[in-house]
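Accompanying notes for the structure given below.
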Amino acid sequence: MPTTRTVPARPVLLIALTSALLLAPNSATADPEPPVRESARDQGPARAPESAARRSLTAPATSFTDTTRGYPREQVLTPDPANPADRSLKLGLVPYHAIATRLNALQRLGDRVSVEVAGRSAGGHRLYLVTVTAPETTARTRAQERMRELIENAPATAAKSREIKTGYKTPVFFNSNIHGNEWEGTDASLEIIERLATAQDARTKDLLAHSRLYFNVTANPDGRIAGTRANANGFDLNRDFVTASQPETRAMRQIEIDKQPAVMLDLHGYVNGTLIEPTTPPHGENYEYDLFLKNTYANALGMEAAVDGLGYTPAKDGVEPAQIPFRDQEEGWDDWPPIFTPQYAAFHGAVAAHTVEIPLAVNNSLYDSLPVAELRRRSTVNTAVAGAAVTATLDFVRERRTALIADQIEGFRRGAAGAAQVPVSEETVPGVPGIGPEDVYTTDFPRAYVMAPGSTATARLVGHLLANDVRVTRASRDLRLGGRTYPKGSYVVDMRQPKRGLANALLADGRDISDKVSVMYDISGWSLGRLWGARVTPVTSGSLAGAPLTPVRAAARVGHVAPRGDLRLRLTDPQEIAALNSLLRQGVSVRRAPDGSAIVPASARALATEAARTHDVVLDATGLKGTAALRRTRVAAAVTPGELFALREMGFEVTPVSTAVLNAGFDWSSVDVLFVSAGLDRDALTSRARAALDSFLAAGHGLVGRGLTGAQLSADSGLLAVKPVAGNGDANGVVRVVNSGPVTAGAPDHGFVYAPVWFTDLGPGVRVEQSYAARNPLVAGHWRPLPDGAGGPAAAAGQAAVVSGPRAVLFGTEPLFRDHPKGEFTQVGRALFTMSASSG
C-alpha cells in the first residue's frame, strides 16, 4: 500500500529475521514467529476443566464505584500456599503465590498504596487492583467521583469546570501479564509501586497529588502460573473484549468503566526491539482518532527514549532499538478491532493507550531450551524495559495531565453532541509526522439503533450493551422514528451519547477493508448486530426529542411458559439449547417437531417453568406432538477453547479429546456423538485407537465437523461425499449466508468465517444446510483472493457453507468462534442433537 511515512516502513517479519541474524549465539533473539494472526485456535485442542467454564459463566464483575471510603483502602490479603510448579520461578520472577504477601508489605510502607480484589480468574485465583495515590479523605474521594461522572455525563459542563482543571486526579491504568507467559510487566509494576510508595522527591509527590495510578498486577494469574498465553479456559484474554466471555476480561472492563483512565499501558512481550504503539493502519473507524493519535504518539516517543536510554545494545545485550509501528512500519500491527485492551480502553476515555512489547523472548520453546542463567538475564532486561516504559508514562502524565483530561472531555463531548469526527492530518494532529490518507478512518454514526423487544437474544444483547456502559432506553409506547413505527417495548440506543464509538463498534455491520491492507493482525469483523441473533435496525435520520423513551438499567426478562397444554421450545437461541439440555438431564421426555423445535409435555410444566426462569426463554403452547425423541447428548470434542466453552455454555456434557487422548485409550461408550475441529488426526492414531474410533462411527454415532480438520476426518471415515475447498487462510469476517436446511432453521442470515471453507462435488444424500450468498458474501472483514486468484469471496459465493448427511454435519463457517457469534451457536446444537439421534 502507498505510505507517506517519514521513516521507511519495515515489515514485521523482516524485523524479526534481521534481529535474529544480527545476534550472536546464546544471545537474545526475536520471537521466531511473526507477530501476526495469533489465534486461540493455534493452541491445539481444548482441555479446559468444566469447573473453569462454570466459574466463568457465573462470575460477576466487581464494581469500583464505592465513594464511601477515602484512600488508602488497605486490606490484609490471605497468603496463597507456595506452588513450586509456578513457571515464573525458573525466570527468577515473582511467582503468583508470593504476590499477596508482597502487596501486604507494600501497603505497610505508608499511606499511598491500596489493594482491592477485582475478581477471580477462570482458575479461581484472585485478581489484584493496586491504587497508588496521595491520601484522600472520604470527602475528597466523593468529589473525585463527582468530577469523574461530570466528565462523562456532562462533558460540555466539565470542559468549563475550574474544579476539574485544578483538582481532578488524572486516572492512569497499567495492565500487566494479560498473556500469562509474558511475565515481566508484573515484576516491573511491583517495583514501580514500591518506589512510589516511599519516594519523597518533589516530582513523585506532585504526581501522586494530581493522579491516581491503577495497576492490574497480573491480569492472567492462571497463565502466569502455568506458563501459558491463555487462561484456564484456554482463552486469549486480549481477544475477548468485544465478547467479554471470561471473568478476567470482565474485571478489566469494569476497571476501565469505573476508573475512566485517560492513559493506559498494556505490558506484553516479546518483540525485539521493543514495540510501542500507536499502530499501523487500518485504524478503528469509531475512535476520535485525532485525540488518540496526538497523545499516544507523544507518549510513545517518551517511552522510546526511556527504553533506548537504558543503554542496551544488540552487540552487548541482544536488544534492538525500540520501534513505533505508526512511524516505522507500513502494516501488520493495526488497531482496527476493539478486542485488544488498549483499543477497548479508548472507548472509555483513554486518549493515550499502548501495547508495549518488551524485547527478549523467554517463553514457549525457549523456556525449555535456554539455560536458566540466560532466561534470568533476559527477564532482568525485560523487567527494566517494562519499568522504563511505565516510568516514562508517569512523567508524561505529570507534565500533560491538564491537556489529557481536556482531550478526554472533548472525546465524550463529541459523542454526546453528535459532533463530527475530525479526520487526522498534519494540520489536525500537529507534531505527528508522516500522516497520510492511509491513516484516515472515520464513519457516519446513525441517529440511533432500535432493537426489537421480546426475544431472549435481544435481552442478552441489551444486557451486554449495558455492561459495556452503553446507554439504552426503552419505548413506553409505539415510537415513530425515521419514517417508521416501532412497537412499544422496543429498545433504543441514542447515538448522541458519550460512548457512541463503543456503541457503534458493537452494533454496526462494520466494513469490508480487504482493499486497504494486505494482511490484518487479527479479526476484522465482529458485528453484534449481525451475529448475536437480535433484530437490530440502524436509523439514520429523525429526532428523539420528546420521544417516549425511558433509560433502562437491565433488559426486561422474557422468560415465559404457557399456562396449559404441551410446550414448544424453538431452539433458535443458545439459551434455548441450554434450557433443553437442563430438561433432558432431569429426565423430561422431549420430542423433536418437524420444524426442528422441541416439544415438552404438559406434565413437565413445573420443570419447564424453572428452565424458563433460569435461561430466560419462552415455551409457547403447541398442538404439535413431535416425532423422534430427543435425548441427553454426550459429546466427545476435539475442538478449540472457544468452541469447548460455547458447548458448555449451551449445557452439553462434553469430554475433551485429541489424538493423544484417543491413543491413550478412550471409553467411547461414555459419549454419543463426536465433534471435531482441531487436534484429531486419524492417520496419527495407533491401530487400536483408530479401530475404536472407526467402530464408534460404524455403529451409527454421528460426526459434527468444522473446517478442514473435521472434513478430513469425515473423508477418512467415509461419512459424507463432499470435497472441502479452503479459502484464503488469512480471511475473516461477517458474511451473508442463505439457510436452507433443518440444522440452520431459524439461524441469522449472517455468519462468521475465519479461514473459510466451502464444499463442492456433493454426492448423493448430501443436503446443503447453508450457502454463502451470491456475488460477494463478505459484509465486514478482510478476505482477499490468493495470488493465483483462488480462495476469495467470489470463489465462495453461492457455494455450500454447511452440509449434512445421515452420519455427519460439516461446517465451513465458524459458528462458535471464541464464544462470540451467539446467534450462530444453535446450528451446532441442532447438528449435535441430529447426529446423536442418528445413532438411535
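Just the heavy atoms: all of them, side chains too, but no hydrogens, waters or symmetry mates, feed the values below.
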**Message:** Could you check, using the six-membered ring where one of them is a Trp, whether F215 and F174 have ring centers closer than 6.0 angstrom?
**Reply:** yes

**Main-chain N/O of Q260 paired to Q408 side chain as donor or acceptor, under 3.5 Å** = yes

**Request:** Check each of D522, I339, D266 against N238 using the side chain to side chain contact (heavy atoms under 4.5 Å, CB included) test, and report the only one that passes.
**Result:** D266

**Candidate pair S121 and D222, rule side-chain hydrogen bond (donor to acceptor under 3.5 Å, both in side chains), full reasoning** = CA-CA 7 Å; S121 69; D222 302 350; 2.6 Å; yes

**Prompt:** Counting distance only, does the side-chain N/O of N233 pair as donor-acceptor with the main-chain N or O of A53 below 3.5 Å?
**Reply:** yes

**Fill in**
Sorted by chain and number, sequence neighbours left out, side-chain hydrogen bond (donor to acceptor under 3.5 Å, both in side chains) with D240 holds for S245, T249

**Request:** Give a yes or no answer on whether the side chain of R55 reaches the backbone of R120 with a donor-acceptor pair at less than 3.5 Å.
**Result:** no

**Message:** Over 60° means perpendicular and under 30° means parallel, so tell me whether Y96 and Y128 are parallel, tilted or perpendicular.
**Reply:** parallel

**Item:** D206 backbone acceptor or donor facing H210 side chain under 3.5 Å
**Value:** yes

**Request:** Indicate yes or no: at least one non-hydrogen side-chain atom of L360 is less than 4.5 angstrom from one of N272.
**Result:** yes

**Asked** Passes side-chain hydrogen bond (donor to acceptor under 3.5 Å, both in side chains), Q329 versus T280? Steps please.
**Response** CA-CA 7 Å; Q329 299 175 21; T280 63; 5.8 Å; no

**Item:** Side chain R818, main chain G642, donor-acceptor under 3.5 Å
**Value:** no

**Request:** Apply side-chain hydrogen bond (donor to acceptor under 3.5 Å, both in side chains) to Y270 and N364, showing your working.
**Result:** CA-CA 11 Å; Y270 301 94; N364 301 331; over 6 Å; no

**Item:** Derivation of the side-chain hydrogen bond (donor to acceptor under 3.5 Å, both in side chains) call for N220 and H179
**Value:** CA-CA 6 Å; N220 183 3; H179 291 148; over 6 Å; no

**Request:** Describe, in one word, how the ring planes of F347 and Y287 are oriented to each other, choosing from parallel (under 30°), tilted (30 to 60°) and perpendicular (over 60°).
**Result:** tilted

**Asked** Does any N or O in the side chain of E182 come within less than 3.5 Å of the main-chain N or O of N177, such that one atom is a donor and the other an acceptor?
**Response** no

**Prompt:** For H354, what residues pass the side-chain hydrogen bond (donor to acceptor under 3.5 Å, both in side chains) criterion, not counting sequence neighbours?
**Reply:** N299

**Request:** Quick one: which residue pairs count as a salt bridge (Lys or Arg N to Asp or Glu O under 4.0 Å) with a foot in residues 98-108, not counting sequence neighbours?
**Result:** R102-E194

**Check: R112 side chain, A199 main-chain N or O, donor-acceptor pair, under 3.5 Å** = yes

**Item:** E116 (side chain) donor-acceptor with L129 (main chain) under 3.5 angstrom
**Value:** no

